[in-house]
*Asks:* 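Take a look at the following structure, please.
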There are 2 protein chains.
Amino acid sequence: MNKAIEEQYLDKAEVFKALAHPTRLFIIHAIKDKKLSVKELTELVGIDISTMSKHLDILKKHKIILGEKEKNYVYYHLAIPCILDFMNCAIKVINKK
Amino acid sequence: MNKAIEEQYLDKAEVFKALAHPTRLFIIHAIKDKKLSVKELTELVGIDISTMSKHLDILKKHKIILGEKEKNYVYYHLAIPCILDFMNCAIKVINKK
DNA sequence: TTTCTATTTGGCAAAATTACCAAATAGTTT
DNA sequence: AAACTATTTGGTAATTTTGCCAAATAGAAA
């Protein structure tokens, strides 16, 4: 695998890694058409808020989601809708088993 | 997050995890329109053949790829072409940064 | 059968990921 | 300012993933 190609797949793998966690997939689903705060998401999932913050940070770093501060809340929304198409294919994969 | 939903995202996350490695993304690209043996893939990537075998096993377990034995080679090909659409979205994510 | 090639499996050490707690930060409200 | 709420950050232990080596397995060819 040559260097340029290797780098290309490394970058893509980072995107898949960012999505490869049930909580992060849930986040994407939850904020796909309404924005939610860290606290709201935390309550929906039922984990520690610091853990939720770190999951959001991973998605934010890749600009898959965006957060806007409003009062002392941060509301997140989905920035890359084509991510949702991934899901349909993922379902096909799951149904094959 | 209720139990049924949690399970749903757990299953999907497994699919993303299976794809979340540069070598495995390269494999998918390499065999998308021609089948290749473990040895051929190993030489293209430049890793230990046992490592390649394990990467293929991960994709095979999810039926993302299929292998057919021919002589003493095993030729792999892509079983779920919609995986390739993921890549185009992944590129959009990468270009946002 | 023996030898050779391709692939898989087991074991293990290194690296990465995850979740919690505690503490720090940011901003509101009193 | 002090008290309060939301979010982020640092630290750490537990778990998972990864990649190599060595050995086992499968089949082909001699």
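All heavy atoms count here, side chains included; hydrogens, waters and symmetry mates do not. Residue numbering restarts at 1 for every chain, and letters A, B, ... go by the order of the sequence lines.
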*Asks:* Starting from P on C:dT8, measure out to OH on B:Y75 and report it in whole angstrom.
*Replies:*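 The distance from OH of B:Y75 to P of C:dT8 comes to 13 Å, rounded to the nearest Å.
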
*Asks:* Please report, rounded to the nearest Å, how far the C1' atom of D:dT7 is from the CG atom of A:L59.
*Replies:*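 Value for this atom pair: 16 Å.
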
*Asks:* How many Å lie between CD on A:E40 and C1' on D:dT7, as a whole number?
*Replies:*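 Rounding to the nearest Å, CD of A:E40 and C1' of D:dT7 are 14 Å apart.
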
*Asks:* Please pick, from C:dC20, C:dT18, D:dC21, the nucleotide with the shortest atom-to-atom distance to any side-chain atom of A:R24.
*Replies:*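 The answer is C:dT18.
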
*Asks:* On the nucleotide C:dT8, are OP1 or OP2 found under 4.0 Å from the side-chain N or O atoms that B:K60 carries?
*Replies:*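 Yes, within the criterion.
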
*Asks:* Return yes if a side-chain donor-acceptor contact under 3.5 Å exists between A:Y76 and A:K60, otherwise no.
*Replies:*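 There is such a pair between these side chains.
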
*Asks:* Would you indicate which nucleotide in D:dT9, C:dT8, C:dA26 comes nearest to any side-chain atom of A:K69?
*Replies:*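 Out of D:dT9, C:dT8, C:dA26, the nucleotide with an atom closest to A:K69's side chain is C:dA26.
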
*Asks:* Could you state the atom-to-atom distance from CZ of B:F16 to C1' of C:dT18 in whole Å?
*Replies:*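 To the nearest whole Å, that distance equals 19 Å.
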
*Asks:* Of the nucleotides D:dT7, C:dC21, C:dT18, which one has an atom closest to the side chain of A:D48?
*Replies:*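 Nearest to the side-chain atoms of A:D48, counting from C-beta on, is C:dC21.
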
*Asks:* Please state whether the phosphate of C:dT5, meaning OP1 or OP2, lies under 4.0 angstrom from any side-chain nitrogen or oxygen of B:K71.
*Replies:*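 Indeed not, no polar side-chain atom of B:K71 lies that close.
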
*Asks:* Reckon A:H55 has a side-chain N or O less than 4.0 Å from the OP1 or OP2 of C:dT17?
*Replies:*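 For A:H55, the contact criterion (side-chain N or O under 4.0 Å from OP1 or OP2 of C:dT17) is not met.
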
*Asks:* For the pair B:F26 and A:Y9, name the ring-plane relationship: parallel under 30°, tilted 30 to 60°, perpendicular over 60°.
*Replies:*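 Ring orientation of B:F26 relative to A:Y9: perpendicular.
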
*Asks:* Can you tell which of B:L78, B:I83, B:I28, B:I80 makes a side-chain contact (heavy atoms from CB on, under 4.5 Å) with B:L59?
*Replies:*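 Only one option passes, and that is B:I28.
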
*Asks:* Enter the distance from B:E14:CD to B:I58:CD1 here, rounded to the nearest 0.5 Å.
*Replies:*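 Result: 10.5 Å between the selected atoms.
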
*Asks:* For B:E68 and D:dG27, what is the distance between atoms CD and P respectively, to the nearest whole Å?
*Replies:*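 Answer to the nearest Å: 16 Å.
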
*Asks:* Do the side-chain N or O atoms of A:K39 get closer than 4.0 angstrom to the phosphate oxygens (OP1, OP2) of D:dA6?
*Replies:*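 Answer yes for this pair, as a side-chain N or O of A:K39 is under 4.0 Å from OP1 or OP2.
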
*Asks:* Given atom CG of A:L56 and atom C1' of D:dT9, what is their separation to the nearest angstrom?
*Replies:*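 Value for this atom pair: 14 Å.
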
*Asks:* With a non-hydrogen cut-off below 4.0 angstrom, is A:K54 in contact with a base, only sugar-phosphate, or nothing?
*Replies:*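 It contacts base atoms.
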
*Asks:* According to a strict under-4.0 Å criterion, is A:T51 in side-chain N/O contact with OP1 or OP2 of C:dA19?
*Replies:*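 Negative; the distance criterion is not met.
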
*Asks:* Could you check B:D57 against B:Y73 and say which one's nearest nucleotide on DNA chain C is further toward the 5' end?
*Replies:*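 Mapping each residue to its closest nucleotide by heavy atoms, the 5'-most match is B:Y73.
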
*Asks:* Among the candidates D:dG19, D:dA22, D:dT7, find the nucleotide nearest to the side-chain atoms of B:S50.
*Replies:*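 Nearest to the side chain of B:S50 among the choices is D:dA22.
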
*Asks:* Under 4.0 angstrom, heavy atoms only, what part of the nucleic acid is A:Y76 near: base, sugar-phosphate, or nothing?
*Replies:*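 Here A:Y76 touches the backbone only, sparing every base.
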
*Asks:* What is the distance, to the nearest angstrom, from the CD atom on A:E70 to the P atom on D:dT7?
*Replies:*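 To the nearest whole Å, that distance equals 11 Å.
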
*Asks:* Could you tell me if the side chain of A:L36 sits less than 4.5 Å from the side chain of A:H77, heavy atoms only?
*Replies:*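 Not in contact.
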
*Asks:* Name the nucleic acid region contacted by A:I49, choosing base, sugar-phosphate or nothing; use a 4.0 angstrom heavy-atom cut-off, strictly under.
*Replies:*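 Here A:I49 touches the bases of the nucleic acid.
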
*Asks:* The test is side chain to side chain contact (heavy atoms under 4.5 Å, CB included); show your working for A:K35 and A:Y73 and say whether it passes.
*Replies:* CA-CA 11 Å; A:K35 49 192 188 177; A:Y73 294 81; over 6 Å; no

*Asks:* Would the base of D:dT5 count as contacting A:N72 through its side chain, where contact means a donor and an acceptor less than 3.5 Å apart?
*Replies:*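 Per atom types, the contact qualifies.
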
*Asks:* Give one of base, sugar-phosphate or nothing for A:S37, where a contact means two heavy atoms less than 4.0 Å apart.
*Replies:*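 Sugar-phosphate, no base atom in range.
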
*Asks:* Output the rounded distance in Å from NE2 (B:H21) to C1' (C:dA16).
*Replies:*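 Roughly 11 Å, once rounded to whole Å.
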
